[in-house]
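Nothing here was measured: the structure is a model prediction, and the numbers come from that model. Scope of the values below: all heavy atoms of this structure, side chains included, with no hydrogens, waters or symmetry mates.
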Amino acid sequence: MIPLFTLPEKTPTESVVVEFVFDAELVAIDSAVVSIAVRDGADPAVAAMLEGALQIQGTSVLQRVGAGVDQVNYLLSCVATHGEDVRENPAILPVRAA
């Protein structure tokens, strides 16, 4: 089972950068994909939360995330690849109004 961690809360008006770190699993990252889904609650525009293209920096993947609905928990997932090695790093992002 892949460990699931909870990111710090953000408000619906904030835009934050989420970092997925793969330094324990990969020596480098050739490609990556970040996805987002609703885990708890409802948000018809969940896909619009991912802002811009992800960035790969060494063994980390950075993705800007904005908007969201108050009291919704989102499931972010980053799948990173290096050669034949494919690793997934999921996280929960809670959105709460200030």
Trainee: Is the shortest side-chain heavy-atom distance between V69 and V95 below 4.5 Å?
Mentor: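 They are not in side-chain contact.
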Trainee: Quick one: does D85's side chain get under 4.5 Å of E25's, heavy atoms only?
Mentor: no
Trainee: Within the distance-only criterion (no hydrogens, no angle test), does the side chain of N89 pair as donor or acceptor with the backbone N or O of C78 below 3.5 angstrom?
Mentor: no
Trainee: With no hydrogens and no angle check, is any side-chain donor or acceptor of D43 less than 3.5 Å from a backbone partner on G68?
Mentor: no
Trainee: Rounded to the nearest 0.5 Å, what's the gap from CG on L75 to CD1 on I92? Could you check?
Mentor: 7.0 Å
Trainee: Would you give the length of the straight line joining atom CZ of R87 to atom OG1 of T59, rounded to the nearest 0.5 angstrom?
Mentor: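 Answer rounded to 0.5 Å: 13.0 Å.
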Trainee: What is the distance from atom CD of Q55 to atom CD1 of I29, rounded to the nearest 0.5 Å?
Mentor: 12.5 Å
Trainee: Closest approach of K10 and E14, non-hydrogen atoms and distance?
Mentor: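 Taking every non-hydrogen atom into account, NZ-O, 2.7 Å.
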Trainee: Can you tell me if Q63 uses its side chain to pair, donor with acceptor, with the backbone of E51 under 3.5 Å?
Mentor: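 The answer is yes, because a donor-acceptor pair under 3.5 Å joins these two groups.
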Trainee: For A28 versus H82, what's the shortest heavy-atom pair and its separation?
Mentor: O-CB, 3.0 Å
Trainee: Is there side-chain contact between L50 and L76, with heavy atoms separated by less than 4.5 Å?
Mentor: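 Yes, their side chains come closer than 4.5 Å.
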Trainee: Hey, does V65 have a side-chain heavy atom less than 4.5 Å from the side chain of Y74?
Mentor: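 Result no, sub-4.5 Å side-chain heavy-atom pair not found.
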Trainee: State the CG-OG1 distance between D30 and T81, to the nearest 0.5 angstrom.
Mentor: 7.5 Å
Trainee: With the side chain counted from C-beta on, respond yes when R64 and V17 share a heavy-atom pair under 4.5 Å apart, and no when they do not.
Mentor: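 Yes - at least one pair of side-chain heavy atoms lies under 4.5 Å apart.
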Trainee: Tell me the closest heavy-atom pair linking A80 and L26, and the distance in Å.
Mentor: CB-CD1, 3.8 Å
Trainee: Is there a path of hydrophobic side-chain contacts, each under 4.5 Å between heavy atoms of I, L, V, M, F, W or Y residues, that connects V34 with V72?
Mentor: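 Yes, one cluster joins them.
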Trainee: Let me confirm one number: the CD1-CE distance from I36 to M49, rounded to the nearest 0.5 Å.
Mentor: 4.0 Å
Trainee: Indicate, with yes or no, if V79 and V61 share a hydrophobic cluster defined by side-chain heavy-atom contacts under 4.5 Å among Ile, Leu, Val, Met, Phe, Trp and Tyr.
Mentor: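 V61 and V79: separate clusters.
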Trainee: Taking A97's backbone N and O only, do any of them form a donor-acceptor pair with D70's side chain (distance below 3.5 Å, no angle check)?
Mentor: yes
Trainee: For residues V38 and F5: do they belong to one hydrophobic cluster (side chain heavy atoms under 4.5 Å, members Ile, Leu, Val, Met, Phe, Trp, Tyr)?
Mentor: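 Yes.
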